[in-house]
Every structure is written in C-alpha cells, then in structure tokens.
S.K.: 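The structure is given below, and queries will be raised subsequently.
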Amino acid sequence: MMTKNTETAMQLIDHLSTAVLLFDRDLRLCSINSAGEHLLSVSQRRVSGQRPDEILPNSPFFAEAIKRSLESGSICIEHGIDLTLQNEQSITVDCMITPIIDGEKYTEVVVELVDSNSFIRVMREANLQAVHDAAKISVRGMAHEVRNPLGGIRGAAQLLERELNNSELTEYTKIIISEADRLRNFIDRMLTPNVHPDITRFNIHEILEYVVGVVVAESDTGLNLTRDYDPSIPDIHADREQIIQAVLNLLRNAVQAIDENGTICLKTRTQRKVTIQNKLHKLILRIEIIDNGPGIPPDIESGVFYPMVTGRSEGTGLGLTIAQSLIQSHGGLIEYERKQEKTCFRILLPLEAGNG
Ligand SMILES: Nc1ncnc2c1ncn2[C@@H]1O[C@H](COP(=O)(O)OP(=O)(O)OP(=O)(O)O)[C@@H](O)[C@H]1O
Ligand SMILES: [Mg+2]
C-alpha cells in the first residue's frame, strides 16, 4: 500500500514538466511520469517493465548511457542528444542519469529528460516579451503623434469639398475624409489602454473560415489554400474580433509573400503541457499559417515583431506587432519558424478550464 508521503511524492513527480523515468537494477522500467509519457509518446502501461533499448529501439545511445552510468556508479549529464521515438519522430533532449545507491549496491537509476527545444523557446519567448513591451511604448507614442494632424486633414478636406461643385472631384475628398476617420478610429482603439476584451465562446474553425473569406475577397487572382483542421478542438473563450484581427494580419502577410504558384495551409492542433509566458498550460490550441513563399528577409527577421519593421515598400510594419499584442493579451504567443522551405507563423492560445 502507498504511504501518504509516497503518494504525495508521486503526485509531485507527475506534475513536473521534466520527464522522469525510473529503472531497476536490471534496467527494467519501474515508473515514468506524465511528462515522460508525453515527451516519449508512450504510455506507462505499455512500456512498464521494458528496457531502455525496447522503449527507444532506434536510439542505442540512450540505453548505452544508462548502462554506463549504472556500471560506473556516476551521474551522467548529456546536452542536446537526438532521440528517435517509436513513431519515428525525432526530439532533442538534455539528459541526466543518476544511479541510486543502497548500502553497497546500486538499486535503481533515475533518468531525467528535458526537451532542449522547449528551453530554446522559453528563452526566445522572454526575449519576445521584452521586444513586445518596447514595441507597445513606441507604437503608442507614434499613434499619438499621428492622431493630432488628422483633425486638420479632415477639416481641410471638408472645406475643400464645399468649394468644389464638381462631383467628380468630391470623390477624392470623400476618400480623404473616410480614410482619416478610419485611421482615427484605429488609433483611438490602440490608445485606449486595454479596453475590456469582449470574451465570447466560439469555434476556431468558424473564425478561420471567416478570415479566409475576407482574404479571398481581397485577392483578384484567387488563393491556393488548403486546410488541415483538427475537428475535435473544443470551443475557445476569447475576444472574437481580436482573434480575427490577429489571424487576418498573419494570413494577409502570407498572401503577400507568395507568388502565383504559392500555396497556403491553415492547420489547427491541440498540444498538451506547454509553457507560455512562464505559465504551464495543460492544453493549448495551435493555429499555424504556413506558406511556401521565400520567408522573412534575413535582414529584418530578428526584429520582425517590432513596429515599423517591414520588408515591403507599401508596408507599415505594424501587422505582426498588433497580432502579437492581441494574442499575448490572451495569455498566448505568436512564433515564427522557417523550416524545409516553408514559412510558418504559429499562434499558441491557452485552452483550458474557463477556456475550453
Ligand atoms: N509569411 C511571410 N513570408 C515572408 N515574409 C513575411 C511574412 N510575414 C511577414 N513577413 C515580413 O515581415 C514584415 C513585417 O510584417 P508586418 O505584417 O508586421 O508588416 P507589413 O506586412 O510590412 O505591413 P502591415 O502593417 O501592412 O501589415 C513584412 O513586411 C514581410 O517582409
Ligand atoms: Mg502585414
């Protein structure tokens, strides 16, 4: 029977984000925590009693390191080991192997594994947060400066309109007035500090389809767009307008990046146990906007989430800054990845109690 202490210890280990595996002296698996099951894509029930080379048959290094550590009785630490899982997926981990000694004999080995990429992501994320805070200040400053002359521009256009009796020319003054109004509304929204988000419950695919509709209407050549949706994703609780705006900014960028042979894929998935903004979430939603265009120009890649960083002559460089800001205010994050000639912008959004 489990004592109260052992039970608490097991619960604690199960809540760690580090994968922990315990092998006995014969190198048979006695225990694996939830993070371990998730990282290695196995279930405790199936791998219990198996040896390291049975759990990961395509990663002989893993079994050898555990054997060596047990034989030598010394702790072994390895960084950046590539492991191939049974489902053929590869992961890179940092690994620590600790033999446990009882009297004279080694009785068990504890193996701790941490996904190296998650550390890289957390570091990148901390950096992004700093970038984002700086961006917010400079966008607000700029917005304030732009707002002031708008009243003058609008007033002058109105006076001009009254002077012009020619209806053809008033077409232009009307554009000046309506665009000045649109810009002012936009700036007012940006300057209002954190207007209460209007949280409702909705299906993410309904939003994605709405955004696709807008982008298709804007394009005069049509779009080669594929969908890879996970239909089992639960409804999310979020500000509908803000999520639309964020996805729209990313999808427009993708459309602008591709040529006539380009393709865009919209992909949705859930993912368990993800840390965003230093908070561990049980379940998150991943929305990926993937295009096969050339990717972000290298000279602007590192600062692309800053305001006014643009690679397009007609771009304002605000699309990504605004999208990042909206998603971060939902406790989420937007990541950029360039892999196998594909450009991927990934929205991560918490999907859990109160939001799922
Ligand atoms: N999918 C993409 N593929 C290639 N480059 C991209 C992609 N998305 C963004 N970029 C690059 O990042 C830059 C910044 O994007 P961002 O949306 O912030 O501003 P913008 O598109 O230039 O202007 P706007 O404010 O009108 O959106 C773009 O100008 C482009 O060079
Ligand atoms: Mg843009």
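Start at 1 and go down the list; that is how both ligands and their atoms are numbered.
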S.K.: Would you mind listing which atoms of ligand 1 come within a distance below 4.0 Å of any non-hydrogen atom of P297?
M.R.: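 Per the distance check, 31 (O).
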
S.K.: So which heavy atom on I264 is nearest to which on L223, and how close?
M.R.: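 Taking I264 first and L223 second, the nearest heavy atoms are CD1-CD2, 4.5 Å.
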
S.K.: Restricting to under 2.8 Å, identify the protein N, O or S atoms around the Mg ion (ligand 2) as residue plus atom.
M.R.: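 Listed by chain and number: N253 OD1.
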
S.K.: Where is the tightest heavy-atom contact between E108 and L70, given as atom of each residue plus distance?
M.R.: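 Shortest heavy-atom separation between E108 and L70 comes out as O-CD1, 4.3 Å.
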
S.K.: Just to check, does G317 reach to within less than 4.0 Å of ligand 1 when the distance is taken from its heavy atoms?
M.R.: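 Yes, that is the case, since the closest heavy atom of the residue is under 4.0 Å from the ligand.
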
S.K.: What do we get for F345 next to ligand 1 when only non-hydrogen atoms under 4.0 Å count, side chain, backbone, both or neither?
M.R.: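 Side chain only.
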
S.K.: Can you name the atoms of ligand 1, numbered from 1 with element, that are less than 4.0 Å from a heavy atom of G295?
M.R.: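 That gives atoms 4 (C), 5 (N) of ligand 1.
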
S.K.: Looking only at non-hydrogen atoms, find the nearest pair between P294 and T343 and report the distance.
M.R.: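 Taking P294 first and T343 second, the nearest heavy atoms are C-OG1, 4.5 Å.
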
S.K.: Considering only NZ, NE, NH1 and NH2 on the basic side and carboxylate oxygens on the acidic side, decide whether D181 and R154 come within less than 4.0 Å.
M.R.: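 Yes, D181 and R154 are salt-bridged.
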
S.K.: Going from NZ on K282 to OG1 on T270, what distance comes out if it is rounded to the nearest 0.5 angstrom?
M.R.: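 Separation between the atoms: 14.5 Å.
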
S.K.: Any salt bridge linking R269 with D228? Criterion: basic side-chain nitrogen under 4.0 Å from a carboxylate oxygen.
M.R.: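 So R269 pairs with D228 through a salt bridge.
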
S.K.: Between Y229 and E209, does the side chain to side chain donor-acceptor pair (under 3.5 Å) criterion hold? Intermediate values first, please.
M.R.: CA-CA 11 Å; Y229 292 165; E209 289 306 304; 2.7 Å; yes

S.K.: Hey, which atoms in ligand 1 end up nearer than 4.0 Å to a heavy atom of A257?
M.R.: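 Matching atoms, with element in brackets: 2 (C), 3 (N), 4 (C).
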
S.K.: May I ask you to decide whether K342 forms a salt bridge with E337, counting only side-chain N to carboxylate O separations under 4.0 Å?
M.R.: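 No, K342 and E337 are not salt-bridged.
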
S.K.: Return yes or no for this condition: an N or O of G319 is under 3.5 Å from an N or O of ligand 1.
M.R.: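 Between G319 and ligand 1 (N or O atoms, distance only) the closest approach is under 3.5 Å.
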
S.K.: Tell me, which protein residue and heavy-atom name are nearest atom 1 (N) of ligand 1, and how many Å apart are they?
M.R.: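 Of every protein heavy atom, D291 OD2, 2.9 Å lies nearest to atom 1 (N) of ligand 1.
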
S.K.: What residue and heavy atom of the protein are closest to atom 14 (C) of ligand 1, and at what distance?
M.R.: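 The closest heavy atom on the protein side is V309 O, 3.3 Å.
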
S.K.: Would you say N253 has any N or O atom under 3.5 Å from an N or O of ligand 1, going by distance alone?
M.R.: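 Yes, N253 has an N/O under 3.5 Å of an N/O on ligand 1.
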
S.K.: For G315, counting its heavy atoms only, list the atoms of ligand 1 lying under 4.0 Å from any of them.
M.R.: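 Going through ligand 1 atom by atom, the ones under 4.0 Å from G315 are 22 (O), 23 (O).
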
S.K.: Which bit of I300 is near ligand 1, meaning a heavy atom under 4.0 Å away: side chain, backbone, both or neither?
M.R.: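 It is the side chain that gets close, since no backbone atom is under 4.0 Å.
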
S.K.: Does any N or O atom in G311 lie less than 3.5 angstrom from one in ligand 1, N or O only?
M.R.: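 G311 vs ligand 1: N/O contact under 3.5 Å present.
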
S.K.: Would V304 count as being in polar contact with ligand 1, using the rule that some N or O on each side must be under 3.5 angstrom apart?
M.R.: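 By distance alone, the answer is no.
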
S.K.: Return the orientation label for the F305 and F345 ring planes: parallel under 30°, perpendicular over 60°, tilted otherwise.
M.R.: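 Taking F345 first and then F305, their aromatic rings stand perpendicular (interplane angle over 60°).
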
S.K.: What is the minimum heavy-atom distance between Q44 and I32, and which atoms define it?
M.R.: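 The answer is OE1-O, 2.9 Å.
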
S.K.: Could you see which bit of P294 sits under 4.0 Å from ligand 1, with heavy atoms only: side chain, backbone, both or neither?
M.R.: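 For P294, no heavy atom sits under 4.0 Å from ligand 1.
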
S.K.: A side-chain contact here means heavy atoms from C-beta on lying under 4.5 Å apart; do R28 and Q50 qualify?
M.R.: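 They are not in contact (no side-chain heavy atoms under 4.5 Å apart), so the answer is no.
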
S.K.: Which heavy atom of the protein is the closest neighbour of atom 16 (P) of ligand 1, given with residue, atom name and distance?
M.R.: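 Checking every protein heavy atom, the shortest distance to atom 16 (P) of ligand 1 gives L320 N, 3.6 Å.
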
S.K.: Write out the residue and atom name of the closest protein heavy atom to atom 26 (O) of ligand 1, then the distance separating them to 0.1 Å.
M.R.: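 Scanning the protein heavy atoms, the shortest distance from atom 26 (O) of ligand 1 goes to R312 NH2, 3.3 Å.
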
S.K.: When you compare ligand 1 with T310, is there at least one nitrogen or oxygen pair between them that comes in under 3.5 angstrom?
M.R.: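 So ligand 1 has an N or O lying under 3.5 Å from an N or O of T310.
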
S.K.: Report the part of T343 in contact with ligand 1, treating N, CA, C, O as backbone and CB onward as side chain, heavy atoms under 4.0 Å; options are side chain, backbone, both, neither.
M.R.: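 For T343, only side-chain atoms sit under 4.0 Å from ligand 1.
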
S.K.: Of the protein's non-hydrogen atoms, which lies at the shortest distance from atom 24 (P) of ligand 1, and what is that distance?
M.R.: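 For this ligand atom, the closest protein heavy atom is T316 OG1, 3.4 Å.
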
S.K.: Do any heavy atoms of N249 fall under 4.0 Å from ligand 1?
M.R.: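 No.
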
S.K.: Among all protein heavy atoms, pick the one closest to atom 11 (C) of ligand 1 and tell me residue, atom and distance.
M.R.: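 Atom 11 (C) of ligand 1 sits closest to the protein heavy atom I296 CG1, 4.1 Å.
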
S.K.: Closest heavy-atom contact between I258 and G293?
M.R.: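 For I258 versus G293, the nearest heavy atoms are CG2-N, 3.8 Å.
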
S.K.: Can you tell me if S59 uses its side chain to pair, donor with acceptor, with the backbone of F62 under 3.5 Å?
M.R.: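 The answer is no, because no donor-acceptor pair under 3.5 Å joins these two groups.
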
